Structure formats: structure tokens, C-alpha cells
Amino acid sequence: MGSKNRKREREPLQVENVEEAPAKRRRQLGEEYSKLAKLYEDLAAESDEIRFEAAKQLIVKFSPESKPAAKDVEAALIRLIKGLCSQRKAARVGFSLTLTELLRQLFVGAKIEGFNYDVASIINLVDEKTEIEGNVPGRARRDHLIGKLFGYKAIMQSTIVTEPELSMECWNKLLDHIYGMARDIPWLREECGLVLVEAVKSLKAQPQLQQCAEEAIKRLTPFKLVSTPQGVAVWLTVRTSYETVLPDGIWHQKDPLSKKERSRLAKLMKEDFHVDSENAKDETIKSAAANPNPTFAWSLVFSEVLRRDESKGKSEDSVKAEFPQLWIDIVDNNLFSTTSSHERKSWGFKLFSNMITQVPAWAVSALFSPNLMRTIINQSKKDDRFLHTAALAALKSVQTRAEQDDSSALPVVVALTTKHGNIDFDRLTKTKTLEQVMLSADDGALKKIVRHFRSIILRPETEESNVADSRRQAIADLLVSTVKHFRRYSALSDDIIEGENWLRDVLELLVEFAYFVPTKDVKTSKVPLPPISEAGRTIFQERLSSCLTKLLGVEAGSKSSFALLIVKLIRTKMSAKAFESVFKAEAKVTTTVEKAFDTLDKISKKGSIAGNKMAAEGFMLLYSLTLLQVYNGDGDAIMMLDDLDASRKAMAKSKDSAEGSDTFIEIILSFLGNPRTLFRKIGEEAFSIFASEIGSEGLQSLAEILDTEENLEGQKELFNQGDDEEDAKSGDDSEEDSEMGSDVEMVDSDVEMINDGTEDSNDESSDSDSSDDDSDSDDDEDDEGDDAELTQFNNLLQMTLGTAKADMDGDEDSDGSDMDDEQMMALDPQLSKIFKQRSQITSKKKDREDAKQNVVQFKSRVLDLLAIYLEKEYSNALTLEILLPVLRRTRASANKQLAEKSNKMLKTYFDTRSKHKAPLPRPEAVETVWAILKGIHEEAKNGGGAKAHADVCSSASLHVVKVLVGLDRANYAGVVDVYAETQKEWFADRKSSLQPTLFTQFQNWSMNAQKQK
């Protein structure tokens, strides 16, 4: 029956006859009626606040203290009971709450004159007003049944049956009603169970109410509820407070949680009522329809066993606790068995999600049972799995637990990575569960987690080296991920470098397994089995570099703090008896390394070079990373140490030493050429520190790189490949080509690593498709060369096959397929030679493409350095010398990637003054500035008509003009002459690609500048 129909059937509020009352009284009664109707309407509101306020007003209105009329109270009770049958879910909550509290007020407090209801009559009133009359739809029938149960619940919760005096007759009557509904109405059984459990709890273990609990237990068997989850819930609730009333012969030792009852308990908890048992006669109870959620009885069972463990102190020894085995018996082996349905496994996931947020820390690991772990991994792998969403929700609850209780991170990580878990858990489930849990852990938990990972590295539970490498790599990746995404570095110890914390433990672990092996005297438990392979050691070295890359951006003392810490850890391990360095070298190399260590110590202690603290900072960075590279096995790093030493000495002797500056630039470029992001960042950091020390020659060497040809010759020039290839010419042609190709592939591999670096802050310069954006003329030349080579190959092939055909035994109709073995054997060397030549042609084409890409990438890195210089040294006159080389990169014929980057870089530089109010450069050599201005105008003529090039040339020209006029306003006349000369040439040449924007922007600037005298 719809809610509107029920509204029409409501009994009238017992008020005076409005028609017979005077007009004023009629108005008052009408207003009171409307106000009361509004309160009843608000009881069904979705908002808790509105609902509670309406309940409060109704309770106050009809409480004995307000002295209401008995007929009004009766009408209110009837209205509240009928409201329980509403289809609106919120209505049941609001009406039930109000009815419960109002009944308590009416029976416990003062009496209302004329109100003659007792508890029995209230029960009858609920039965009468919630009765289903006539042929009503199924939905309305359900609503009335639920309303009836909520009416019984309100009476129970109001305690009017037991206070002020106990009425066993009414108590038993209510029990009979509720038990009967639980037996006969399967879909309402869980709600009935909840009402019964709450009723027993409301007895509060009072001895005088023991009979009430006994009556509740007595009805379990006749109403066939013993072997149901709800029956177990009632039994356990009574057992907690009134154990003596429990009958024998139903559960072993009167305990459903007894180990001997686990099989029966497991079956009935998943509502499997069709099983053979001693109580087969009780198993005839109807089964409810499939329920998407496990009943409340599950939580009650787990809460009870956890309570027992806690009370007996077994939680201190989780091995002896009952909870882990109970979870295995009734959840893992029951809901997650291989034969279990998807619905029951879904229950299992929901139980896990619920329990993971509730159980104490000692019980967390017990939840990650074998069948559950198998299921959660399988269901998480692919999004088309039936329980994929449920599995992900379960994993999300694990993260939630770690966020709410950071001390639980350790047992979670241990459970997910050992026993039934897998160190590759995140990869297998395609989630970031482990990563997020570790990020939620506090410092203490992380230290223990690092210790746990160390134990797995030492004993990866496999004898196969490649499997061990894989597991150790997974651990290294997790540690790096934690370092990269950790957001609470400031919360670590005040001295993040020297203090004992998880970060130091991570770095020490990576250093140990990257560069050291245990000595023979070390305990077996400290020796990795199987031993760390070379591949595994390389993994730890690379992950250490990744950590340092991230830590460069962490504020902790100075930029070099973490690099120095890692070097310190290496030296400490070297002097320890338990470790032996993997690094072995000749005495000369060892001497160089020791000298570098000593130099680093001196710089660190002194804190400056020639009084320059920033210089010391930069050199400490470079020394630290170069030493790391030495330990990584890079032979060139030894030479770099010598270069660093020479550059340091030159800088120490004279601040303006050209030799020191040039050497420093070469070192920075070598760092830029390294494929790892860390080296590139270190190079940029060091360059930023030394920006003020860079002289004209240093900048010129960088600018020259920008003009390098983007081909094989340019690559040879940049990467010093020429000498090696000249030496290779002593061999045959094929060997020469093979070696050259190998070198190019090596460089190309480095570039690819650069592009893949997630820490690269210049993503726009790392696009791998830049080779497609080169000038059309270059591509056309390559295509023409390729076509000619292909034609030559086809001609040679046809000639060879034609000759073979002519040499056959006069068979004119032969197509070559009739050649005998001798003829085929004779032809084979010729074909091999031809295809070998073709292979060389293909290899050369790839070499050209790779070379072009490598040069472009290196130029992009140089532009990054120049951008740093322009930002740091805006007012330095040397910035003007950078303009022309960078402008040439913005031409229409230039590589698109470099053109866009150069354009953006210059625009940022020209905008610096307006944003930061930095003063313009004031160069001493004015003649050089005039030459730069004229050079910019010449460059503007060679732009190929590209608008972007024209705009940036115009901006560059104006910048130089501002510098000249800023030095002396009389220079304006000369500036006009330069512009006039350019304009004359433009006007005279109709085919000139020069854009007029050069002149219009100058005129606009002139008008504004003239007003600012």
C-alpha cells in the first residue's frame, strides 16, 4: 500500500471538533494540527539533524511533564506505530527512536491521567496497527512485517518490560513473536537476530533478569534457530553474561567456538543448512535468499574470540591465540576454498575489509591467510575477473588500516611479502598496495620494514640466481619508491643526515649490496644465499643513484649532504672487518681514488674554495658522484677525478682562471652526456652553483655545441669517436661498419634512458620523435641516398641472377628454380656478398638516424645549462653572447624540438626584468654589443620566414637596444641607423624573408621610451 494511501487511512488526531469551536479556537487548532503534522513528516527526513529535532519535540510534547491529554498520547502512539510501516527507510529510524523514548517516558515517569495502557496492551497495539488487511501488494506486506518487528524492537529497547518491574509474560510474548518471525520469514531473520541480541545485552548481566536470558536460550531449539548464524549470535551473547543458563548437549562444552565444533560452525555461518548432523531435525529451517553481505553474526563471533584472546593474554603470543585458527577454519578454508562460490568469496572479501580495520595489531597478520591471498591475487590481476572490484576494495581497506594505524604497517608488509604473499605483490595485483602501506608507516615501522627486507635479500627463499635477482630487484624498487614519494622528510629527526632513521638504513642497505661482499669470517646468516650476482649488484647501484636523484631536492643542510652521506657510508663499510669491497683496481687507480677521498674531506671541512662556499658545494657534489661512478666500474670516472682536481686547483689559485673554468665546463658536459638522470641533475646543479664563475670561453664552448651538425660527423665531434674509427680502418670494411654501428647504438641507448627518466624536469626536450621534426631538406637528401642505394642493390641482384640463368645448360624456359646443387652452390657466395652490402647500407641509414637523435638530445641538455645561466646571471654582460647561438636554433629549418625549446627559453629570459625587476647588463666592451645587434639583424634575415623566429629575433634585438640605450641614450641614434640599414635591404629585396615585426616593435618601443625621459 502506498504511503499516500496510508496517509488517508491515518486516524485523526484526537482534537476538538473544529466546526463546533469558535473561529479563534479553530485557528489555534488548525495551526497546532499543521505543526504536529510537520513534526511527523520530519521524522522521516533523510537528515539526522532534522529527524532528531522532530523526535525531541514530540517526546517533550507528549511526556508526562507536559501533562498531555490521554487521548492525544494514544493518538501519538498509534501514529508512531503506523509510521514504522513506511516505505521510507529513514522513517523507521525516526519513528522507532521516538516510540522507544516516548514509551520509556510514559511507563517509567509520572502517570498521565486517563492513560490506562500497560505493556501487554502496547504489544497488542503494535500487533493491531501493523496488521496486514486485505489483499495488498508484496512490497506493502514487507513494509508491515518490518514495521511490526521495529515495534517489538522499540518495546524491547525502551526496557518497559523489565522496568520498573519485570513482566515475564510480556517478555515471553515478545520472544515468541520475534522468534516466530525469524523462523518463518527468512529475509527478516537477520534483523530478528539483531533485536534478540540487543535485548539480551540490555539485561546488563543483572542477576534478577537471568530468567529472561534463560527464556531466550530455551526458544532456540523449538524455533529451529540453533544452527543458524543468528542462533550462534544469541548463544554467545547469553554465554558472556549468563553462562549457567546454557543447556548441555547442543554445543561442545556449551561453546560454538570450540575447536571440535569448527566444521559445523563453518557450514552454518555460510548458511549451509542442508548438512547431516546430530541435530538434523533442526536443519529444516528455510534458507533466505542470497544475501550480498555476511550477517552481523560473523563480526560478533570474531569479536568474541578476540575478547577471549585479549582477556587471557594470548595476544602477547599470537601463536597460541585462538583467532588465527578460527579465521583459517571458518573463513579461509570455508569461504575461500577452491569449491566456494563467487558469492561466498565476496563475503570473505567483505569480512576481511571489515576485520582489517578493527583487529588489534597482533592479529593483523592472521587475516592474510593462504586461500585468501591466492584469491585476492588472482582476482586483482585482470579487470574482467568476477570479483576484481571486491578484491581491489579489500586491498584498499589494507591501505586504510595503515593510514589510520601506522604501527600496523609492519605486519601488513610482512604478511604481503612472505609466507602466503609475494615480494612482487604489487606487480602481481597491478596495484600499489605495498607502496602505499610503506608510505603510511612511521619512522619506527619503516626501520623494521627495512630490516625485514634485508632478511629477504639475504635469504630470498630460492637457489636460482635469476629468481633471487628478481626478488631482490622488487625490494630495491619498493625502497626507491618509498624514498621518491615520501612526504614527511621534515618530520624525521632534526639531523636527517647524521640521525638514526629509516632513510639512512635504506641508503646503507643499498650501499652494502651494491659495493660490498661479506668476508669469510662473517656468520653464515649474514651471507647472501645465493650470492648477489653482478646483475643484482648493478640493480642496487642504479637504485642508489635513483634515491640520490630524489634526495637532491630534499631540504637537508646543503645540496651535497646526501651525496656526502653515501660516500661516508662507503668509506665506513670499507674499514669494517665484516665487509670486503667489490671494487678492485691497480695501485695507481687506488691512489687516485684515495686522493679524491682526501680532497673531498678537506673541502667538506673547510667549506669553501678560495673563499667561495658555493664553489665548495659544487665540487663536493661532483666529487661524490664521480667517486660513486668509480665504484660502479666506470673507467672514465678515474680521468674525471683528475680533471676535477685540476679544475679545483685552478679555481683555488685564481678566481678568474680561464683554465679552471674551461675544465669545469668539460666536466659538466661529461655529466650531461651520462645516460642517467642523476648525472644530468648533478651537472645542472653544479652548473647552477658555478654560474657566476663561468667565463666567456666557457660559454663559447657551450654555444659552439649548438652549431654542431646533426649528423654522423657532428656525433663524432661531440662524442670523440673519430680517433677510434680511424684505428678501426685497419680491418676490413664489414668490421669497420660493425664497430661504428655498435658505438652509435651505445649512445642511442643512453639517449633512450634519458627519455625514460621519470625525474627529468625538461620533458619537452626529451621527446623521442625529434628526428621526425628535422628539416625537410635533410630528409629529402636521406631519401634520395636511400633510393639510389636500393636501386643499386636491385641491379646487382638482377645481374647475379641473370648471369646464373645464362650459365644454365641451355634451358631457355628455366626460371631459376631448376638450378642443380652445383649451380646453387656457385651462386651462394655472390648472393651472400650482395645481401651483406645491403645490410651495411641499412646499418648506415640507422647510424645516420641515431646520430641525428643523439646530437639533438645533447644540444637539448646544453640548452638546459644555458637556460640556467640566463636565469641566474640576467644582469651579466656575458648573457648577450648567448643570444645569437640560441637564436639560430629557432630557425624554420632547425630541429622542431630544439626550436621550440630555444624560443621558450629566450622569451623567459626577456620577461625576467618585468617579473623580477633585475637590472640590465652593463657591458664594458660596447663594440661587442653593437656587433651582437647587427648579428641579430643578420639572423632575422635568415629565418626562412618563420613567425616564431621573427618574433624572438625582434625581442632579442630590442633587448640589446635597451642595453645600449641604458648605457648611453646617445646610442639611440646608432640603433636607428642599424634598423634603417636593415629596413633598406628589406625594402629593396622583394623576396626577403625578413618579417616587418622587427621594425614595428622597435617603433612601438621607441614611442614608449621617448616618453620616459
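Treat the numbers as computed from the prediction; the structure is a model and nothing was measured.
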>> Between Gln629 and Asp636, is the side-chain contact (heavy atoms from CB on, under 4.5 Å) condition met? List the steps.
In response: CA-CA 9 Å; Gln629 194 66 352; Asp636 293 339; over 6 Å; no

State, with a plain yes or no, whether a side-chain heavy atom of [X] is found less than 4.5 Å away from one of [Y].
{"X": "Phe999", "Y": "Thr982", "value": "yes"}
{"X": "Gln715", "Y": "Phe858", "value": "no"}
{"X": "Asn711", "Y": "Arg848", "value": "no"}
{"X": "Val593", "Y": "Ile638", "value": "yes"}
{"X": "Leu628", "Y": "Ile570", "value": "yes"}
{"X": "Ile668", "Y": "Phe671", "value": "no"}
{"X": "Lys550", "Y": "Phe486", "value": "no"}
{"X": "Ile694", "Y": "Leu878", "value": "no"}

Pair [X] + [Y], salt bridge at N-O below 4.0 Å:
{"X": "Glu713", "Y": "Lys716", "result": "yes"}
{"X": "Asp645", "Y": "Arg648", "result": "yes"}
{"X": "Arg889", "Y": "Glu710", "result": "yes"}
{"X": "Arg891", "Y": "Glu939", "result": "yes"}
{"X": "Asp601", "Y": "Lys605", "result": "no"}
{"X": "Lys907", "Y": "Asp951", "result": "no"}

Once you round to the nearest 0.5 Å, how far does [atom1] of [X] lie from [atom2] of [Y]?
{"X": "Asn854", "Y": "Lys859", "atom1": "CG", "atom2": "NZ", "result": "12.5 Å"}
{"X": "Thr908", "Y": "Leu870", "atom1": "OG1", "atom2": "CG", "result": "9.5 Å"}
{"X": "Leu507", "Y": "Leu503", "atom1": "CG", "atom2": "CG", "result": "5.0 Å"}
{"X": "Asn942", "Y": "Leu887", "atom1": "CG", "atom2": "CG", "result": "11.5 Å"}
{"X": "Gln1010", "Y": "Arg969", "atom1": "CD", "atom2": "CZ", "result": "8.0 Å"}
{"X": "Glu684", "Y": "Ile868", "atom1": "CD", "atom2": "CD1", "result": "4.5 Å"}

Contact summary for [X] and [Y], nearest pair of heavy atoms:
{"X": "Gln1001", "Y": "Ser955", "value": "OE1-N, 4.3 Å"}
{"X": "Ala686", "Y": "Gly618", "value": "CB-O, 4.5 Å"}
{"X": "Ala563", "Y": "Leu548", "value": "N-CD1, 3.7 Å"}
{"X": "Trp986", "Y": "Ser992", "value": "CD1-OG, 3.8 Å"}
{"X": "Leu641", "Y": "Ala596", "value": "CD2-CB, 3.8 Å"}
{"X": "Phe687", "Y": "Leu865", "value": "CE2-O, 3.1 Å"}

>> Between Leu600 and Ser624, does the side-chain contact (heavy atoms from CB on, under 4.5 Å) criterion hold? Intermediate values first, please.
In response: CA-CA 8 Å; Leu600 184 58; Ser624 299; 3.8 Å; yes

Okay, side chain of [X], backbone of [Y]: is any donor-acceptor separation there less than 3.5 Å?
{"X": "Ser701", "Y": "Gly698", "result": "yes"}
{"X": "Ser954", "Y": "Ala950", "result": "no"}
{"X": "Asn971", "Y": "Leu964", "result": "yes"}
{"X": "Arg487", "Y": "His485", "result": "yes"}
{"X": "Ser647", "Y": "Asp643", "result": "no"}
{"X": "Thr626", "Y": "Leu622", "result": "yes"}
{"X": "Asn632", "Y": "Asp634", "result": "no"}
{"X": "Thr592", "Y": "Lys588", "result": "yes"}
{"X": "Ser875", "Y": "Pro919", "result": "yes"}

> Out of Arg680, Lys904, Lys901, which residue meets the salt bridge (charged side-chain N to carboxylate O under 4.0 Å, His left out) rule with Asp864?
Replying inline: Lys901

Would you kindly say whether [X] and [Y] are connected by a side-chain donor-acceptor distance under 3.5 Å?
{"X": "Tyr979", "Y": "Ser957", "answer": "yes"}
{"X": "Ser560", "Y": "Glu617", "answer": "yes"}
{"X": "Tyr909", "Y": "Thr879", "answer": "yes"}

>> Going by the rule salt bridge (Lys or Arg N to Asp or Glu O under 4.0 Å), which residues pair with Lys941 if we only count those two or more places apart in sequence or in a different chain?
In response: Glu938, Glu985

> Is it the case that more than 12 heavy atoms not belonging to Glu881 sit under 6.0 Å from its CD atom?
Replying inline: yes

>> Quick check on Glu594: does its CD atom have over 12 non-hydrogen neighbours (other residues, nucleotides or ligands) under 6.0 Å away?
In response: yes

> Can you check side-chain contact (heavy atoms from CB on, under 4.5 Å) on Val976 and Phe1002, steps first, answer last?
Replying inline: CA-CA 9 Å; Val976 172; Phe1002 174 67; 4.2 Å; yes

>> Filter on ring-ring contact (aromatic ring centres under 6.0 Å, His included), then keep only pairs touching residues 588-642, sequence neighbours left out; what's left?
In response: Tyr515-Tyr631, Phe583-Tyr631, Phe619-Phe690

> Step by step, would you call Leu702 with Tyr869 a side-chain contact (heavy atoms from CB on, under 4.5 Å)?
Replying inline: CA-CA 11 Å; Leu702 290 175; Tyr869 188 84; over 6 Å; no

> Between His959 and Tyr874, what is the ring plane arrangement, given parallel below 30°, perpendicular above 60°, and tilted in between?
Replying inline: perpendicular

